Amino acid sequence: MTLDRVRIAPSPTGPLHIGTARTALFNFFHARHTGGTFILRLEDTDVARSSIAYEKDILDGLHWLGLRWDEGPEVAGEAARGPHAPYRQMERLPRYAAAAERLIADDMAYPCYCTTEELDAERKRLEALKLPPRYSGRCANLTPEQRAAFEGEGRRPALRFRVGEGTVVIDDIVRGRVEIDVSNLGGDFVIVRADGTPLYHFTVVVDDAEMEITHVIRGEDHLSNTPKHILLFRALGHTPPAFAHLPLILNADRTKMSKRKSQTAIDDYRAEGFIPEALVNYLALLGWSTGSDDEVLSLDELIERFQLTEVNKAGAVFDRERLEWLNGQWIRRLGPDDLVERLRPFLEAELAAGRIDRLPADGELKALLPVVQERLPRLGAIGDLVGFLWVEELDIDPALLIPKRWDAATTVEALRAARETIAEVGRVSYEADELEPPLRALAEARGWKAGDLFMAIRVAVTGRTATPPLFDTLVALGHDRTLARLDRAIEALPDE
RNA sequence: GCCCCCAUCGUCUAGAGGCCUAGGACGCCACCCUUUCAAGGUGGAGAUCAGGGGUUCGAAUCCCCUUGGGGGCACCA
């Protein structure tokens with residue numbers, strides 16, 4: 001029995017897309033679960049839209065998600081891996097040319113001299129007649145003389161594949177038996193452009209055949225095109241692989257997820273502080289489920305449980321709320337050193353943006369983790385949460401300074417008293433446990449609700465009404481800075 | 001327009017004829033915990049299983065139709 005060979009074949013015409021990442025994940029799960037081979041192939045034949053920058057973004061993104069390919073292109077000086085190199089389609093041109101020659105020799109493909117304008121006109125005419133777009137086939141049976149005449153006009157031909165007649169049956173692993181009549185394929189389709197570059201439907205088949213792909217796992221948007229591929233496999237003398245068409249990931253309005261309506265770039269999620277564990281977990285459960293109630297699953301657990309046959313058929317709306325929840329779950333599972341390291345780039349971004357004035361040392365950050373970790377839905381929330389610790393001058397909205405049930409006079413009085421109490425505590429030591437009792441005692445002695453006093457202090461030293469626990473925050477801030485900020489707040493309040 | 005696919009709480013889903021007066025999770029609401037915010041705990045609202053016909057003793061589960069939604073139909077991938 002031969003091992004399964006699957007592939008992810010992204011096109012470097014945009015940044016790594018959520019949908020591509022999900023497809024990659026399912027292929028990867030299948031390969032790892034079955035002990036098969038996961039292959040990365042770059043489909044860069046749309047030269048006009050492809051770029052190295054996008055290619056890098058895609059490769060980096062897949063890598064960041066934790067996907068490692070067994071076979072793939074050479075990257076950054078590292079040699080290509082696998083027996084079927086190269087894995088970049090523009091470097092495989094001779095193979096497509098050879099395959100095209102074979103099809104021409106067998107008369108399964110023929111040159112088409114129609115111009116883009118002629119084709120467009122034809123399509124428009126059909127559309128006006130409310131007929132489905134379809135190639136007329138007018139170059140299908142040209143005589144050598146007619147061809148020579150077109151060549152004489154200087155026309156360069158594209159190459160079209162003869163679709164013939166009959167129906168094609170797809171035995172899809174997730175959708176079951178799907179039958180499509182060849183007459184609905186839109187006529188003979190172009191496989192090589194007039195400029196000689198091959199087109200997707202052709203390259204995908206040539207490569208899947210040559211790379212001995214056993215399972216094509218891809219989005220449902222390719223289902224209707226699959227008959228074209230099956231026809232080409234046969235024409236090329238290959239048995240088609242098994243197909244598994246995954247349900248689409250949808251915008252909130254249930255249309256295919258798009259950049260226009262959703263945040264689709266994986267890198268944008270990374271920049272917000274979503275961690276790969278969460279993204280992988282979330283994406284795995286979009287269109288597939290374990291059948292159990294377990295939902296927080298690691299990459300290894302997902303691989304262990306993944307079954308292609310359990311993939312759903314219906315499209316799935318991308319739900320950011322649920323992703324955020326999972327992200328929080330995974331952030332809370334991170335070890336302290338790991339979390340500190342992952343937080344670093346986000347703090348640097350805060351600094352670069354001028355939202356903080358200095359970077360905390362690792363130890364300082366680590367000491368903060370017990371009160372910070374469970375409050376981070378995303379790593380990028382760190383600045384919002386405790387950025388006030390690392391700014392020189394706090395900008396405080398004076399209106400916030402006065403607790404809801406208090407007036408300015410009470411607040412000034414309370415902050416002065418609190419300042420004295422805190423200063424007193426600081427003379428001995430300065431720990432959260434030691435701050436709380438005297439401040440509570442102060443509140444009781446003056447007849448204030450402890451919560452109001454704490455809120456006044458909180459806003460005075462952080463500028464915010466929602467923070468990590470107050471006493472830990474005061475300790476993190478340090479004795480001197482706490483006092484200084486209290487002084488400033490007292491000054492900011494109107495004098496009585 | 002033609003072809004194809006799909007259809008269970010707002011969302012992700014469990015469910016493969018009786019275990020379903022439909023389960024879980026996110027979100028939402030309430031309560032508990034509590035100095036705020038989170039996290040956590042408990043409870044709740046939320047789905048006549050798109051609708052209609054069959055098949056069957058029995059249907060969310062099988063069949064048909066209707067409706068709705070989506071995808072595809074490029075010298076894009």
Side-chain angles (χ1 to χ4, degrees), chain A residues 9-14 43-46 48-50 112 114-116 119-120 123 126-127 129-135 156-160 170 172 175 178-181 183-187 189-195 197-201 203-204 219-227 245 247-248 250 252-256 282 285-296 312-326 328 332 371-377 385 436 439-440 443 449-455 457-459 462 464-471 473:
Chain A
S11 183
T13 53
E43 311 218 321
D44 54 355
T45 54
D46 186 351
R49 291 196 299 146
S50 294
C112 169
C114 300
T115 62
T116 308
L119 261 16
D120 283 348
R123 231 187 320 271
L126 290 169
E127 194 182 335
L129 261 37
K130 298 215 179 247
L131 287 169
R134 136 180 283 275
Y135 173 62
R156 306 304 309 155
L159 195 64
R160 279 187 192 271
I170 307 164
D172 195 276
R175 266 143 235 286
V178 178
E179 230 173 288
I180 298 179
D181 195 290
S183 65
N184 295 310
L185 261 29
F189 57 93
V190 176
I191 56 176
V192 180
R193 295 182 178 88
D195 70 4
T197 56
L199 255 9
Y200 168 75
H201 294 308
T203 57
V204 75
E220 195 205 329
D221 45 353
H222 285 100
L223 186 58
S224 297
N225 287 322
T226 302
H245 286 94
L248 258 22
L250 276 22
D253 63 5
R254 306 205 73 92
T255 52
K256 181 164 80 160
Y282 178 69
L285 264 21
L286 261 196
W288 171 70
S289 79
T290 62
S292 75
D293 285 347
D294 310 332
E295 311 206 61
V296 183
N312 299 130
K313 293 195 250 276
V317 173
F318 187 89
D319 179 10
R320 186 194 161 97
E321 300 268 20
R322 193 171 154 81
L323 170 60
E324 276 211 19
W325 170 74
L326 265 175
R332 272 164 240 139
V371 294
V372 155
Q373 190 156 14
E374 68 194 25
R375 275 166 247 266
L376 285 176
L385 224 205
E436 182 164 1
L439 284 170
R440 277 193 189 281
K449 294 196 73 172
D452 291 335
L453 206 218
F454 295 168
M455 183 55 82
I457 300 172
R458 170 177 295 111
V459 175
T462 69
R464 349 203 31 155
T465 54
T467 70
L470 181 62
F471 308 110
T473 302

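Residue numbers begin at 1 in each chain, while the letters A, B, ... track the order of the sequences. Small disclaimer: the values here were computed from a predicted structure and weren't measured.
- Residue L126(A) contributes atom CG, which lies 11 Å from atom P of A74(B) at whole-angstrom precision.
- Each of G71(B), G24(B), C3(B) was ranked by its minimum atom distance to the side chain of K256(A); first place goes to G71(B).
- With U35(B), G24(B), C6(B) as the candidates, the nucleotide lying closest to the side chain of R175(A) is C6(B).
- Considering only side-chain atoms of A466(A), the nucleotide from C37(B), G27(B), G1(B) that sits closest is C37(B).
- Looking at T197(A) and R193(A), their side chains do bring a donor and an acceptor atom within 3.5 Å of each other.
- Considering CG of L185(A) and OG1 of T226(A), their distance stands at 10.0 Å, rounded to 0.5 Å.
- Rounded to whole Å, the separation between the P atoms of C29(B) and A38(B) comes to 11 Å.
- Computed from coordinates, the E374(A) CD to U34(B) C1' distance equals 12 Å when rounded to whole Å.
- Of the listed nucleotides (C5(B), U36(B), C76(B)), C76(B) has the atom at the smallest distance from the side chain of R193(A).
- Going from the P atom of U11(B) to that of C73(B) covers 28 Å, rounded to whole Å.
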**OP:** Test E127(A) against R123(A) for salt bridge (charged side-chain N to carboxylate O under 4.0 Å, His left out), laying out the working first.
**Re:** CA-CA 6 Å; E127(A) 194 182 335; R123(A) 231 187 320 271; over 6 Å; no

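- Checking C5(B), A38(B), A77(B) against the side-chain heavy atoms of D46(A) singles out A77(B) as nearest.
- Atom P of nucleotide C3(B) and atom NZ of K130(A) are separated by 15 Å, given to the nearest angstrom.
- The aromatic rings of F454(A) and F471(A) sit perpendicular, their planes meeting at an angle over 60°, well past the 30° parallel limit.
- Side-chain N or O atoms of R175(A) include one that pairs as donor or acceptor with a backbone N or O of H245(A) at under 3.5 Å.
- Counting non-hydrogen atoms under 4.0 angstrom, T255(A) reaches the backbone sugars and phosphates but no base.
- Spacing of C1' atoms, G15(B) relative to U61(B), comes out at 8 Å, to the nearest Å.
- Rounded to whole Å, the P atom of U21(B) lies 12 Å from the corresponding atom of A59(B).
- Across all strands shown, T45(A) has heavy atoms under 4.0 Å from sugar-phosphate atoms exclusively, and none from any base.
- Remark: side-chain polar atoms of D253(A) are paired, donor with acceptor, to backbone N or O of T255(A) under 3.5 angstrom.
- Comparing atom distances between the R322(A) side chain and each of A25(B), C75(B), U35(B) picks out A25(B) as nearest.
- Residue side chain R458(A) reaches the base of U35(B) through a donor-acceptor N/O pair under 3.5 Å, judged by distance alone.
- Look at CD1 on I191(A): it is 16 Å from P on A74(B), rounded to the nearest Å.
- Residues satisfying the salt bridge (Lys or Arg N to Asp or Glu O under 4.0 Å) test with D294(A), not counting sequence neighbours, are R305(A).
- L453(A) places a side-chain heavy atom less than 4.5 Å from the side chain of I457(A).
- When the C1' atom is compared between C9(B) and G23(B), the two are found 12 Å apart, to the nearest whole Å.
- Relative to the side chain of F471(A), the nucleotides U35(B), G70(B), C4(B) differ in distance, and U35(B) lies closest.
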Produce the list of close N/O pairs, under 3.5 Å, pairing protein atoms with atoms of nucleotides 13-18 of chain B; give distances to one decimal.
| unit_1 | atom_1 | unit_2 | atom_2 | d |
| --- | --- | --- | --- | --- |
| U13(B) | OP1 | G287(A) | N | 2.6 |
| U13(B) | O3' | S289(A) | OG | 3.3 |
| A14(B) | OP1 | S289(A) | OG | 3.1 |
| A14(B) | OP1 | N312(A) | ND2 | 3.3 |

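- Look at CG on N184(A): it is 12 Å from C1' on G1(B), rounded to the nearest Å.
- The CG-C1' distance, from L250(A) to A7(B), rounds to 12 Å in whole Å.
- Side-chain atoms of S224(A) and base atoms of G71(B) include a donor and an acceptor less than 3.5 Å apart.
- Comparing A60(B) with C20(B), their C1' atoms sit 9 Å apart, to the nearest whole Å.
- Where S11(A) and R332(A) each meet RNA chain B at their nearest nucleotide, the meeting point lying more 5' is that of R332(A).
- If you take CZ of R254(A) and C1' of C12(B), they are 10 Å apart, rounded to a whole angstrom.
- When Watson-Crick and G-U wobble pairs are counted only if both distances are under 3.5 Å, G27(B) pairs with no nucleotide at all.
- Base engagement by L119(A) is indicated by at least one non-hydrogen atom pair under 4.0 Å involving a base atom.
- Remark: P of C6(B) and NE2 of H245(A) are 13 Å apart, rounded to the nearest angstrom.
- Mapping V190(A) and D181(A) onto RNA chain B by nearest heavy atom places D181(A) closer to the 5' end of the strand.
- The residue E324(A) sits apart from the nucleic acid: no heavy atom pair falls under 4.0 Å.
- Remark: D172(A) engages no residue in a salt bridge (Lys or Arg N to Asp or Glu O under 4.0 Å) (not counting sequence neighbours).
- Which of A77(B), A25(B), A38(B) sits closest to the side chain of E295(A) comes down to A25(B).
- Counting only heavy atoms from C-beta on, L248(A) has its side chain closest to G71(B) among C5(B), G71(B), C37(B).
- Comparing C5(B) with G44(B), their P atoms are spaced 42 Å from each other, to the whole Å.
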